[in-house]
Every structure is written in C-alpha cells, then in structure tokens.
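Here is the naming used below: chain letters follow the sequence lines, and residue numbers restart at 1 for every chain.
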Amino acid sequence: MPELPEVEVVRRGLAEHVVGRRVSEVAVLHPRAIRRHLPGAHDLVARLTGRTVTAARRRGKYLWLETDSSDAVLAHLGMSGQLLVSDRGSAAQKHLRARLVFADAGPELRFVDQRTFGGLSVEQMRGDPDRLPAPIAHIARDPMDPRFDLDVAVSAIRRRRTELKRALLDQTLVSGIGNIYADEALWRARLHGARPTATLSRAAVRGVLSAASEVMTEALAQGGTSFDALYVNVNGNSGYFDRSLNVYGQADRPCARCGSSIRREPFMNRSSYSCPTCQPRPRG
DNA sequence: ACATCCACCTGCTCGC
DNA sequence: TGCGAGCAGGTGGATG
C-alpha cells in the first residue's frame, strides 16, 4: 500500500484498533519480513512482548508504533504490504508474514505482504523533538506534517540537478509522493516530469508541490487509491480515489482539461502518464 | 558528494 | 492450456 494517503489510512486504523493494547505474543512467519531488524527474529520478539502500544505515527510512507519503552515498531509496506486487524485465531491470509497478539481478547495485528518488499523492525527512538525511529532520520517531512515547510522543500528540489519527477519521488527532498501522486501533481501543475529542476522557477516548483499536497489530501478523504484487493485499510476495505485519477493509468483516454489522448511513457522500468498538450515535453 | 539504476519478490495479464 | 514477457503503488545499496 504505497503512497502517503494509503499509509495514512492504515495509520488511522492502527490508532483506533491497536493503540493502548499490550502485546502478549509475537510470531515471525517469514524471515524476509524482518530483514531490516539485524539482531534477528528472537530479539524482535523479546523486545516487543509485554510492551504496550502508546501511539501510531507516520512520516511519508513509513509508519511506526510507539511503545511504553524507548522502542518503536517501524513498518514499511513496500509495494504490497498490509497491516490487518484480524479476529484472533481466524484463518491465516495467504501471505501472512508476522503476527502480534494482544493481552486482551481483541483482534490480532497481522502483517501480510505478497512481494515481501515491505517489513517490520524494532527501532530505538531518537531523542530529538521529532522522535523518529533512527533508520528514517533521512526521510524528509511530508506535506501533511504540521511542520512541513514549503519553501524548504522548493529549495531542496531546485538544488538537485535532475528531472522534476525524479526529485518528487526522492524521499529525502519531500516524502510521501510515489508514482501515482507524482503524475497527478504534475498534471495539475501542467508540467512534464522530464523538466530539469534547475530551470524551474520557485513558483513552478511551489505549484507542483501544492498540487501534490492537494491531490493527496483529496485521496485521503476518499480512503486512498486502490485498483485491487492488495491496497486496503486495516479492515480489508479499499479506498476509491482511483475514480478521481486524471492521468495515472489513463493511457489513451481523453484529458479531462483539453481532450487530448493521455500518453504513457516508460520511466525507470515503470510508467509515467501525462497529457501531451497540457504537459509538453521539454526540448532536448 | 551526488545522481542513476537495478535487484529484491509474487502474481496477474497478454500475446503467441 | 501452456509459456514467456511485461507489468505493478518502493527503496537501499552498488556503481559511475
């Protein structure tokens, strides 16, 4: 479940269903799911068992559960990860990778991940005011962070010698934006993703970042974007922002603004979608 | 230091 | 019906 709105939907589900509960049992069912936890599965289980979850937090596409110790459970969903609140003892999902059972009789928290690009680890919290888990100190603030500074993000992007879409996807410049919302933001801002950042005005970069913030806020209000059952909230339900996408996945369909056929172009072993009229390719 | 790119996985769809 | 190719919402580490 990848980009910011989808991860925020999950965070809210964790805040509602998991915060305040004490972990009584942890099971790791696939070693790859905890590969970022270098001390290994036994250590992860030992550090988590008996802890009470005190908060569910997020930065960009990372989320974590704070506990009543200085440890937090850091999670990244990768391309296909899910955190599901499932009835205790109910049938295992096909790609169930880890399970947290709680001391009360309520539902379990399950990490399910088809492609295993995601994972869990237990991390020390940093002491600074942001209280980030140590491994994500390099992740920039996302546009929904109350302390997000648009001017700081604009400067960071313009300082980079690269193309605009690459910069939007760089989580150390601004976080939370992935392939869908980058394309949607570029369409709203009428910019092609191949525009060199160095030649863009501050106003232009500000425009595309504002568009990203808006489109992600709108997507969140719709429960996120979901094309299939892989992208669901903690209760297994899909969001429906896919109905509101203007370019992503819309190849050969008419642009909502000008009617031109939306084009699909290869980009980093994936795809970019844009309007050939509203978003002309830079020359060269 | 900084920019680029591919390996890491499973499963689905499409064309032959 | 089978089989290979191509594709999928992300990222860190290797490489230049």
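When the P atom is compared between C:dC3 and B:dC9, the two are found 24 Å apart, to the nearest whole Å. Straight-line distance between the P atoms of B:dC12 and C:dT11: roughly 24 Å, to the nearest whole Å. Of the P atoms belonging to C:dG9 and B:dA3, the separation is 24 Å, rounded to the nearest Å. Comparing C:dG12 with B:dG11, their C1' atoms are spaced 24 Å from each other, to the whole Å.
Ion pairing of A:R12 with A:E8 is present here, as a side-chain N (NZ or NE/NH1/NH2) and a carboxylate O approach within less than 4.0 Å. Residues A:R188 and A:E218 are paired through a salt bridge, judged by an N-O separation under 4.0 Å between the basic side chain and the carboxylate. The existence of a salt bridge linking A:R160 and A:D170 is confirmed by a sub-4.0 Å separation between a basic side-chain nitrogen and an acidic carboxylate oxygen.
Contact between the side-chain N/O atoms of A:H30 and the OP1/OP2 oxygens of B:dC9 is not found at any separation under 4.0 Å. Side-chain N/O atoms of A:K61 include none lying less than 4.0 angstrom from OP1 or OP2 on C:dG9. An OP1 or OP2 oxygen of B:dG11 is reached within less than 4.0 angstrom by a side-chain nitrogen or oxygen of A:K94. Using a 4.0 Å cut-off, some side-chain N or O of A:H76 falls inside it from OP1 or OP2 of C:dT11. For the pair A:R35 and B:dC8, the criterion of a side-chain N or O lying under 4.0 Å from OP1 or OP2 is not met. Contact check, A:Y62 against C:dG12: a side-chain N or O comes under 4.0 Å of OP1 or OP2. OP1 or OP2 of C:dA8 lies within a sub-4.0 Å distance of a side-chain N or O belonging to A:S271. OP1 or OP2 of B:dC9 has not a single side-chain nitrogen or oxygen of A:Q114 nearer than 4.0 Å. Neither OP1 nor OP2 of C:dC7 sits under 4.0 Å from any side-chain N or O of A:R270. Dashed line: the shortest gap from a side-chain N or O of A:T162 to OP1 or OP2 of B:dT4 is under 4.0 Å. For A:R160 and B:dC2, the shortest distance from a side-chain N or O to OP1 or OP2 is not below 4.0 Å.
The distance from atom CG of A:L63 to atom C1' of C:dG10 is 14 Å, rounded to the nearest whole Å. Regarding A:I34, its CD1 atom lies at a distance of 15 Å from the P atom of B:dC9, rounded to whole Å. If you take CG of A:D183 and P of C:dG10, they are 11 Å apart, rounded to a whole angstrom. In this structure, A:I136 atom CD1 and C:dG12 atom C1' are separated by 15 Å, rounded to whole Å. If you measure from atom CZ of A:F267 to atom C1' of C:dG10, you get 12 Å, rounded to the nearest angstrom. When the P atom of B:dA7 is taken as reference, atom CG of A:N269 falls 9 Å away, rounded to whole Å. B:dC6 atom P lies 15 Å from atom CZ of A:F117, rounded to whole Å. Rounded to a whole Å, the CG atom of A:L169 is 11 Å from the C1' atom of C:dG9.
Aromatic ring orientation, A:F241 versus A:Y181: tilted (interplanar angle from 30° to 60°).
Each of A:R97, A:R32, A:H95 was compared with A:T116 under the side chain to side chain donor-acceptor pair (under 3.5 Å) criterion, and only A:R32 meets it.
Here A:D113 lies out of heavy-atom contact (under 4.0 Å) with every strand. When heavy atoms are screened at a 4.0 angstrom cut-off, A:R264 is found touching the sugar-phosphate backbone but no base atom. Within 4.0 Å (heavy atoms only), A:Y181 reaches no atom of the nucleic acid at all.
Within a 6.0 Å sphere centred on CZ of A:R253, other residues, nucleotides and ligands contribute 12 heavy atoms or fewer. For A:H138, the NE2 atom is densely surrounded, since the number of other residues' heavy atoms within 6.0 Å is greater than 12.
Between C:dG9, B:dT4, B:dT10, one nucleotide has an atom nearer to the side chain of A:H95 than all others, and that is B:dT10.
A donor and an acceptor atom sit less than 3.5 Å apart, one in the side chain of A:R115 and one in the base of C:dA8.
Nucleotide C:dG9 is matched to nothing when pairs are restricted to Watson-Crick or G-U wobble geometry with both distances under 3.5 angstrom.
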